[in-house]
Amino acid sequence: MDQYFLLETADNWVEILNLDTDEFIVSGTFQCTLVHEGCGDTLFITDGRFDYDWAN
């Protein structure tokens with residue numbers, strides 16, 4: 001399995017857009033830069049979106 005690590009000097013951020021404490025769901029957007037440990041390849045995630053159900 002390839003391992004990528006967060007590039008801490010990049011403009012990484014997470015914005016919570018919805019926090020539903022009744023249904024246990026959080027959603028939002030994010031941006032991050034990841035670097036491959038072995039070869040140095042870089043992944044740029046610029047329009048990330050998530051919906052997470054923390055009850056399951």
Side-chain angles (χ1 to χ4, degrees):
M1 177 180 202
D2 290 339
Q3 289 190 351
Y4 284 82
F5 294 92
L6 186 68
L7 182 61
E8 293 181 19
T9 58
D11 183 23
N12 305 309
W13 53 264
V14 175
E15 181 178 18
I16 304 298
L17 299 175
N18 184 45
L19 179 61
D20 186 335
T21 56
D22 294 326
E23 297 295 324
F24 303 102
I25 297 172
V26 61
S27 60
T29 57
F30 67 96
Q31 173 178 298
C32 65
T33 301
L34 304 170
V35 177
H36 189 275
E37 180 181 41
C39 66
D41 283 348
T42 305
L43 296 176
F44 300 98
I45 301 173
T46 57
D47 293 312
R49 186 184 183 324
F50 64 92
D51 293 295
Y52 181 71
D53 179 353
W54 79 78
N56 295 315

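What you see below is based on every heavy atom in this structure, not just the backbone, and it leaves out hydrogens, waters and symmetry mates.
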**Q** Provide the full list of ring-ring contact (aromatic ring centres under 6.0 Å, His included) pairs with a residue in residues 2-21, sequence neighbours left out, each pair given once.
**A**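 Pairs touching residues 2-21 that pass the test: Tyr4-His36.
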**Q** Hey, any chance Leu17 and Phe50 share a hydrophobic cluster, counting ILVMFWY side chains that come within less than 4.5 Å of each other, even indirectly?
**A**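 In one cluster: no.
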**Q** For residues 19-33, which side-chain N or O atoms pair as donor and acceptor with protein atoms under 3.5 Å away, sequence neighbours left out?
**A**
{"unit_1": "Asp20", "atom_1": "OD1", "unit_2": "Asp22", "atom_2": "N", "d": "3.0"}
{"unit_1": "Asp20", "atom_1": "OD1", "unit_2": "Glu23", "atom_2": "N", "d": "2.9"}
{"unit_1": "Gln31", "atom_1": "NE2", "unit_2": "Asp11", "atom_2": "O", "d": "2.9"}

**Q** So with a 6.0 Å cut-off around CD of Glu15, is the heavy-atom count from everything else above 12?
**A**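 More than 12 heavy atoms, drawn from other residues, nucleotides or ligands, come within 6.0 Å of this atom.
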**Q** Can you list the residues that meet the salt bridge (Lys or Arg N to Asp or Glu O under 4.0 Å) rule with Asp51, with sequence neighbours excluded?
**A**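 Listed in chain order: Arg49.
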**Q** List the residues meeting side-chain hydrogen bond (donor to acceptor under 3.5 Å, both in side chains) with Asn18, not counting sequence neighbours, and say none if there are none.
**A**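 So Asn18 forms no side-chain hydrogen bond (donor to acceptor under 3.5 Å, both in side chains) with any residue.
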**Q** Please tabulate, for the side chains in residues 38-46, all donor-acceptor contacts under 3.5 angstrom to protein atoms that are two or more places apart in sequence or on a different chain.
**A**
{"unit_1": "Thr42", "atom_1": "OG1", "unit_2": "Gly40", "atom_2": "O", "d": "3.4"}

**Q** Output the rest of the hydrophobic cluster of Leu7: all Ile, Leu, Val, Met, Phe, Trp and Tyr residues reachable through side-chain heavy-atom contacts under 4.5 Å, sorted by chain and number.
**A**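 The other cluster members (ILVMFWY side chains, heavy atoms under 4.5 Å, direct or chained) are Val35.
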